[in-house]
Amino acid sequence: MTSKRQKLSLVAEAQTLCELPLYPGTLGPDVIDVQALYQATGLFTYDPGFSSTASCRSAITYIDGDAGVLLYRGYPIEQLAEHCRFLEVCYLILHGELPDPDPLRAFERNITLHTMVHDQLSNFFKGFRRDAHPMAILVGVVGALSAFYHEALDIRSGRDREMSAIRLIAKVPTIVAMCHKYSTGMPFMYPQNRLGYVENFLYMMHATPCDEYRPNPVLVNALDRILILHADHEQNASTSTVRLSGSSGANPYACVSAGIACLWGAAHGGANESVLNMLEEIGDVSRIPAYIARAKDRNDPFRLMGFGHRVYKNYDPRARLMRSTCHEVLNELDLHDDRLFALALELERIALEDDYFIGRKLYPNVDFYSGIVLHALGIPTKLFTALFAMGRTVGWIAHWAEMISDPEHRIGRPRQLYTGPARRDVPAGHRRTR
Ligand code: CMC
């Protein structure tokens with residue numbers, strides 16, 4: 001980093017222990033560079049959960065959690081969701097600028113030409129039970145992609161990194177649709193090069209060899225927007241997992257597979273599935289107060305799924321957009337009276353008037369409404385998090401590539417505050433003679 005602005009002195013008992021450089025970013029808080037702290041003082045910093053730690057520098061995404069702002073490469077999420085298509089946003093996230101028509105066409109063509117998976121990959125599915133969770137299959141099959149592309153796995157080559165990005169963005173939807181077909185016992189559908197990215201995904205999901213499938217443009221638009229809203233979210237748990245895995249030199253398919261595993265957790269991407277299950281469990285508006293009471297009870301592990309965020313202490317801007325997408329989709333499908341949507345609106349209204357949620361700044365997050373839209377689009381609940389992964393793949397791979405191309409990058413190796421036993425000897429009763 002070259003933009004050194006000033007230093008912070010660490011003083012103990014009137015003695016300066018060390019001087020730590022402060023760096024400003026384009027937006028957001030300055031950071032204190034503590035890299036020299038251990039060598040100068042013998043001290044570590046302690047920040048489990050990384051509430052106050054910038055783990056890297058990045059030029060991809062910016063979030064102002066207090067103001068409810070989300071920017072991809074500087075562009076507000078609202079404008080991207082309104083005016084751009086998902087593949088344009090992918091290009092933006094990967095390359096830093098919105099593409100002109102020619103590069104965009106070339107990019108889209110390149111993605112289209114890589115949507116098919118190697119025929120041998122289909123065999124992997126047979127190793128899974130039909131009722132396996134799609135995220136379990138996705139972790140395995142995406143990781144297995146690394147076995148198919150030995151010729152383009154040199155992580156130091158920009159061309160190979162770009163190829164991996166294209167392959168992952170192109171193939172993850174095919175694999176997600178295959179997960180669905182496998183679980184329902186239906187034949188896999190090959191991608192169709194005549195279709196756009198989202199249409200093609202819906203085709204692979206819903207078409208069968210016996211049935212023609214024509215995607216509804218309003219629904220295609222809605223899914224395209226959902227993917228834009230999920231495309232990146234700076235150093236969240238799964239992206240940090242991808243970065244940490246990649247810091248050792250691991251290949252991009254293995255790293256993205258690790259990201260998918262992390263995303264599956266209910267506190268992260270798994271929340272969209274949990275929201276729908278929660279709404280089904282609540283079942284009726286009259287039962288909402290009981291569930292709100294459970295969410296507030298410290299002795300009850302139940303949390304209001306789709307509420308709260310580590311960074312947003314304001315309405316998640318993605319949730320606002322998702323809410324309006326929800327209206328559009330339900331209107332298009334003539335489902336204005338959708339039971340789950342009515343329940344979600346009422347749950348949101350009650351929670352936002354409750355002192356517990358107000359005091360803790362707990363607002364709906366992106367997952368609160370996404371499940372209802374995906375449900376309306378005919379996506380099975382168990383597949384929701386896999387669709388989150390489909391949108392987030394571009395973010396994961398962009399962060400991985402940004403890290404690998406940073407000349408300052410080193411293997412990630414956090415330290416710890418050790419709280420186990422001090423050194424001790426194996427007792428006589430446990431000693432064996434070898
Ligand atoms: N319902 C009830 N109470 C909550 C909730 C919730 N959903 N979220 C946080 N709280 C309470 C929590 O109990 C704590 O209360 P207290 O101060 O009395 O101990 C306080 O709010 C702060 O919570 P925290 O757990 O310290 O906050 P965190 O930043 O560690 O956790 C979170 C963030 C998203 C994991 C959490 O809000 C949560 O579990 N939400 C539900 C799951 C969810 O919707 N996840 C999707 C996140 S958005 C999509 C994504 O990026 O993956």
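Counting starts at 1 for both ligands and their atoms, in listed order.
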Atom 9 (C) of ligand 1: the protein heavy-atom neighbour that sits closest, reported with distance to 0.1 Å: L362 CD2, 3.5 Å
Per-residue contact class, K296 against ligand 1 - non-hydrogen pairs under 4.0 Å: neither
Nearest atoms (heavy-atom pairs only) where A177 meets M204: CB-CB, 3.6 Å
Protein heavy-atom partner closest to atom 34 (C) of ligand 1 - residue, atom, separation in Å: G308 O, 3.6 Å
Nearest neighbour in protein (non-hydrogen) for atom 3 (N) of ligand 1: Y356 OH, 2.9 Å
Element-labelled atoms of ligand 1 that are located less than 4.0 Å from some non-hydrogen atom of A271: 43 (C), 44 (O), 45 (N), 46 (C)
Intermediate values then yes/no, salt bridge (Lys or Arg N to Asp or Glu O under 4.0 Å), E346 and R349: CA-CA 5 Å; E346 187 58 7; R349 190 190 65 75; 2.8 Å; yes
H133 versus E273, side-chain donor and acceptor atoms under 3.5 Å: yes
4.0 Å protein heavy-atom contact status of atom 26 (O) of ligand 1, strictly under: no
Identity and distance of the protein heavy atom lying nearest atom 19 (O) of ligand 1: R298 NH2, 3.5 Å
Check: Y253 ring centroid to F148 ring centroid under 6.0 Å: no
Closest approach of any protein heavy atom to atom 23 (O) of ligand 1, naming residue and atom: R303 NH2, 4.1 Å
is_close_aromatic(H375, F341), centroid dist under 6.0 Å: no
Student check: side-chain heavy atoms of R360 and F307 closer than 4.5 Å: no
Within 45° cone and under 6.0 Å: R415 NZ/CZ vs F44 ring: no
Closest protein heavy atom to atom 42 (C) of ligand 1, given as residue, atom name and distance to 0.1 Å: M305 CE, 3.4 Å
cation_pi(R225, F86) dist<6.0 Å, angle<=45: no
Atom 40 (N) of ligand 1 protein-contacted (non-hydrogen atom, under 4.0 angstrom): yes
Minimum-distance protein heavy atom relative to atom 45 (N) of ligand 1: A267 O, 3.0 Å
Minimum side-chain heavy-atom gap L263-N236 below 4.5 Å: no
For atom 50 (C) of ligand 1, the protein heavy atom that lies nearest, with its residue and separation: H268 ND1, 3.5 Å
Ligand-residue contact atoms, ligand 1 with G269, heavy atoms, under 4.0 Å: 52 (O)
Ligand 1 contact on R360 by region, counting heavy-atom pairs under 4.0 Å: side chain
Candidate with minimal heavy-atom separation from atom 6 (C) of ligand 1, of V311, T385, L304: L304
Aromatic ring pairing H206/Y213, orientation class (parallel under 30°, perpendicular over 60°, tilted between): tilted
Interfacing atoms of ligand 1 (cut-off 4.0 Å, heavy-atom, G306): 43 (C), 44 (O)
Atoms of ligand 1, numbered as shown, that sit under 4.0 Å from any heavy atom of R310: 28 (P), 29 (O), 30 (O), 33 (C)
Close approach of D367 to ligand 1, heavy atoms, under 4.0 angstrom: yes
Test item: E108 and Y91 side chains (from C-beta on) under 4.5 Å apart, heavy atoms: no
